[in-house]
Amino acid sequence: MFADRILSGMRPTGKLHLGHYHGVIKNWVQLQSEHECLFMVADWHALTTNYDDVAVIEQSLWDMVIDWLAAGVDPAQATIFIQSKVPEHAELHLALSMVCPLGWLERVPTYKDQIEKLSHKDLTTYGFLGYPLLQAADILVYKANQVPVGEDQVPHIELTREMARRFNHLYGREPGFEEKALAAVKKLGGKKGKLYTELKTRFQQEGDEAAVEAAHALLQDAQNLSIGDRERLFAFLENKGRVILPEPDALLTAASRMPGLDGNKMSKSYGNTIALREAPESVAKKVRAMPTDPARVRRTDAGDPAKCPVWQLHQVYSDEPTREWVVKGCTSAGIGCLDCKQPVIDGVLREQQPMFERAQKYLDDPTLVKAIVADGCERARKIANDTMKDVREAMGLGY
Ligand code: SF4
């Protein structure tokens with residue numbers, strides 16, 4: 001069992017490219033061996049901006065999952081699921097919407113940014129305003145305590161934390177809390193129950209922090225407690241309200257600025273991408289067509305790698321001796337630009353080779369992908385359903 005639960009997701013709105021691989025998926029592959037990970041196909045999120053072009057969502061969805069698997073996401077280690085197949089996300093989103101002040105959503109910085117950026121679309125919709133709240137529900141419904149995000153997404157995690165706090169404050173003192181907590185102490189069994197009560201007294205009367213730690217360890221180890229009872233006993237220990245929705249932390253991921261074919265950040269909107277599983281001949285064609293230092297008009301002109309987009313890709317794909325060869329050859333006109341591009345082509349193909357190999361079995365038998373996702377949805381739903389039982393009960397809907 002891992003101590004941390006991580007949730008992350010991607011919108012199915014088009015083909016994945018190497019920018020997604022270097023910026024997100026490589027990190028997932030690392031995380032999945034160290035933490036419990038849930039990776040979500042965020043199809044409802046895709047609808048918040050693509051509500052008028054839904055065909056792209058279904059087209060991209062299965063391809064995206066194959067890309068994840070090809071890139072090394074391992075269904076034996078991580079749970080892969082589709083957001084809309086776990087309706088508890090929508091239920092918690094609705095529940096949270098009852099108590100989320102409008103101003104909290106309006107002040108999320110990405111709201112205005114995105115409206116400006118996507119000005120060709122009418123995003124003055126209820127769904128778009130509420131998408132950070134849907135994100136909060138995505139995280140809280142799994143009680144995920146770590147969410148990998150870039151700097152720009154930190155305000156969304158802050159909103160999630162505020163929502164959890166507000167919810168716990170409003171509903172954490174469930175009716176009959178004390179009786180339920182005492183019943184949970186009994187469930188610990190005679191010896192452990194007695195120890196818990198002693199530790200609770202030591203903390204409440206003497207402020208002994210070590211007693212709290214010991215009680216936490218005791219509760220973590222108690223196999224026969226439900227999640228709800230365990231949280232009641234955490235709260236009872238310190239005489240606080242019950243934490244129904246725990247606050248997550250942002251797991252800051254280093255910003256990856258994977259360069260695209262024109263030197264800008266690789267992005268679909270700049271049209272400068274190499275797809276994750278782009279055919280080798282197409283990779284070669286695209287790299288060979290890349291612009292270079294504009295001062296190198298003729299083969300005999302010396303160039304400056306710092307002014308060349310190809311050089312940025314050498315930073316990702318080439319080793320030190322190759323980079324030295326580029327600097328020397330470019331600045332002395334000793335190599336041509338096509339010679340210089342070949343190690344980049346080789347590097348991209350080397351990176352993609354195992355991805356093609358891993359993808360093949362899923363392309364040969366698409367039912368394998370459907371089975372992985374069905375299994376993931378079931379696992380995700382079990383966790384989400386446990387949370388929703390507590391949420392419904394806390395909000396007076398437990399009948
Ligand atoms: S030799 Fe390489 S680094 Fe120099 S301009 Fe040509 S492609 Fe760019």
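No hydrogens, no waters, no symmetry mates; every other heavy atom, side chains included, goes into these values. For ligands, and for the atoms within them, numbers begin at 1 and follow the listed sequence.
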| said: Suppose the criterion is side chain to side chain donor-acceptor pair (under 3.5 Å): which pairs have a residue in residues 184-199, not counting sequence neighbours? | reply: Lys187-Asp229

| Please, which pairs that meet side chain to side chain donor-acceptor pair (under 3.5 Å) have at least one residue in residues 117-133, sequence neighbours excluded? | Asp122-Thr124

| note | Excluding water, the protein N, O or S atoms sitting under 2.8 Å from atom 6 (Fe) of ligand 1 are Cys337 SG

| Without hydrogens or angle criteria, can the side chains of Asp74 and Gln32 be said to hold a donor-acceptor pair below 3.5 Å? | no

| request: Measure up the Phe39 and Trp28 rings against each other and bin them: parallel (under 30°), tilted (30 to 60°), perpendicular (over 60°). | output: parallel

| query | Partners of Trp311 by ring pair (Phe, Tyr, Trp, His ring centres under 6.0 Å), sequence neighbours excluded? | reply | none

| Are Asp63 and Gln59 close enough, and set up right, to give a side-chain hydrogen bond (donor to acceptor under 3.5 Å, both in side chains), and what steps lead you there? | CA-CA 7 Å; Asp63 257 358; Gln59 275 163 19; over 6 Å; no

